[in-house]
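Written below as structure tokens is the structure these notes are about.
Quick caveat, the model's predicted, so the values are computed rather than measured.
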Amino acid sequence: MKKLLLMLTFVLFSFNANARDVGTLYKDCKVFQSNGFNLKPDQLIPSISCFMYFRALADTGTKNCILLQTLPKNHKKSIHPDVLDVLNIMTANADIIDKQGIEAVITSFINFSEENTHQWKEIPSTFTDKFLSNNFPCKIE
């Protein structure tokens, strides 16, 4: 099983992540959600593709949140609050994985996709503020 997952990971990483559009990722994630967020052997590739994509987005957003939270106070004063807010909204999110799970992120993306079918040809990461940062905000003091 480990070898199979390792091989699938290499295959998935060989694709350009930005080449995926909202519609394709929605279809992969819908399969994963329909299976109760379990990896079914006959639909392993779309499920892992969905899981890995959103795990990477959520982890990156969490890292950015930590970086923004730990800015020294003197640097926070030199950055205009509006700029800090935009950075927060566009690049950061709360730590979702430990609290709510990746399922919450995927469900948020599926809901966004269903409400915005006119954007299915776009790159999903363009809309992280809509389905990730807004729903799981990073709190900066």
Side-chain angles (χ1 to χ4, degrees), residues 1-41 43-141:
M1 184 65 167
K2 284 184 182 180
K3 287 183 181 179
L4 175 65
L5 288 174
L6 184 61
M7 287 174 38
L8 287 172
T9 302
F10 286 130
V11 168
L12 292 174
F13 281 128
S14 68
F15 297 117
N16 183 352
N18 285 333
R20 309 218 38 157
D21 58 33
V22 171
T24 303
L25 196 54
Y26 167 79
K27 290 171 189 168
D28 289 349
C29 291
K30 197 65 177 169
V31 166
F32 191 37
Q33 184 187 47
S34 297
N35 290 327
F37 296 105
N38 293 310
L39 298 175
K40 302 282 183 175
Q43 300 181 337
L44 204 55
I45 301 247
S47 297
I48 290 176
S49 175
C50 173
F51 176 86
M52 294 297 290
Y53 190 91
F54 288 103
R55 178 63 195 242
L57 274 183
D59 286 349
T60 301
T62 300
K63 177 193 72 158
N64 290 340
C65 181
I66 292 167
L67 290 171
L68 290 172
Q69 289 171 337
T70 57
L71 277 174
K73 290 197 187 282
N74 58 341
H75 290 310
K76 283 183 184 173
K77 290 178 185 174
S78 64
I79 301 172
H80 193 278
D82 291 343
V83 173
L84 196 57
D85 285 344
V86 169
L87 281 173
N88 186 15
I89 291 167
M90 299 304 289
T91 68
N93 54 262
D95 185 6
I96 305 149
I97 306 305
D98 291 339
K99 296 181 176 111
Q100 297 172 312
I102 196 66
E103 295 88 356
V105 177
I106 294 169
T107 300
S108 179
F109 170 76
I110 288 172
N111 293 337
F112 165 80
S113 298
E114 289 173 347
E115 294 168 5
N116 296 282
T117 56
H118 61 284
Q119 294 176 325
W120 276 26
K121 296 288 182 199
E122 304 295 328
I123 297 169
S125 60
T126 306
F127 305 105
T128 55
D129 60 312
K130 306 279 190 274
F131 63 83
L132 196 53
S133 300
N134 285 347
N135 295 336
F136 312 99
C138 171
K139 295 186 177 27
I140 301 175
E141 296 177 19

Under the 3.5 angstrom rule, does the side chain of [X] hit a backbone N or O of [Y] as a donor-acceptor pair?
X: Thr24; Y: Arg20; result: no
X: Asn88; Y: Leu84; result: no
X: Ser34; Y: Lys30; result: yes

Which residue, Asn35, Asn38, Asp28, forms the side-chain hydrogen bond (donor to acceptor under 3.5 Å, both in side chains) with Gln43?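 Answer to the side-chain hydrogen bond (donor to acceptor under 3.5 Å, both in side chains) test with Gln43 among Asn35, Asn38, Asp28: Asn35.
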
Inter-residue atom distance [X].[atom1] - [Y].[atom2], 0.5 Å rounding:
X: Thr62; Y: Leu67; atom1: OG1; atom2: CG; answer: 11.0 Å
X: Lys40; Y: Ser47; atom1: NZ; atom2: OG; answer: 9.5 Å
X: Ile140; Y: Ile66; atom1: CD1; atom2: CD1; answer: 11.5 Å
X: Leu57; Y: Met52; atom1: CG; atom2: CE; answer: 11.5 Å
X: Leu44; Y: Ser49; atom1: CG; atom2: OG; answer: 11.0 Å
X: Phe109; Y: Ile102; atom1: CZ; atom2: CD1; answer: 12.0 Å

Just do the side-chain contact (heavy atoms from CB on, under 4.5 Å) check on Cys138 and Asn64 with the steps written out, would you? CA-CA 9 Å; Cys138 171; Asn64 290 340; over 6 Å; no

Closest non-hydrogen atom pair, Asn93 against Ile96: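 Reported closest heavy-atom pair: ND2-CD1, 3.4 Å.
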
Which atom names give the shortest non-hydrogen contact between Pro124 and Phe131, and what distance separates them?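 Answer, listing the atom of Pro124 first, then Phe131: O-CE2, 3.6 Å.
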
Phe54 pairs by side chain to side chain contact (heavy atoms under 4.5 Å, CB included) with which of Leu25, Leu132, Asp59?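 For Phe54, the side chain to side chain contact (heavy atoms under 4.5 Å, CB included) check succeeds only for Leu25.
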
Chi angles and distances behind the side-chain contact (heavy atoms from CB on, under 4.5 Å) call for Asp82, Val86: CA-CA 6 Å; Asp82 291 343; Val86 169; 5.6 Å; no

side-chain contact (heavy atoms from CB on, under 4.5 Å) between Phe37 and Thr107: does it pass, once the steps are laid out? CA-CA 10 Å; Phe37 296 105; Thr107 300; 3.5 Å; yes

Hey, can you tell me if Phe51 and Phe32 have their rings parallel, tilted or perpendicular (30° and 60° cut-offs)?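 The rings of Phe51 and Phe32 stand perpendicular, inter-plane angle above 60°.
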
Quick one: side chain to side chain donor-acceptor pair (under 3.5 Å) pairs with a partner in residues 126-140, sequence neighbours left out?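 Residue pairs with at least one partner in residues 126-140: Ser108-Asn135.
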
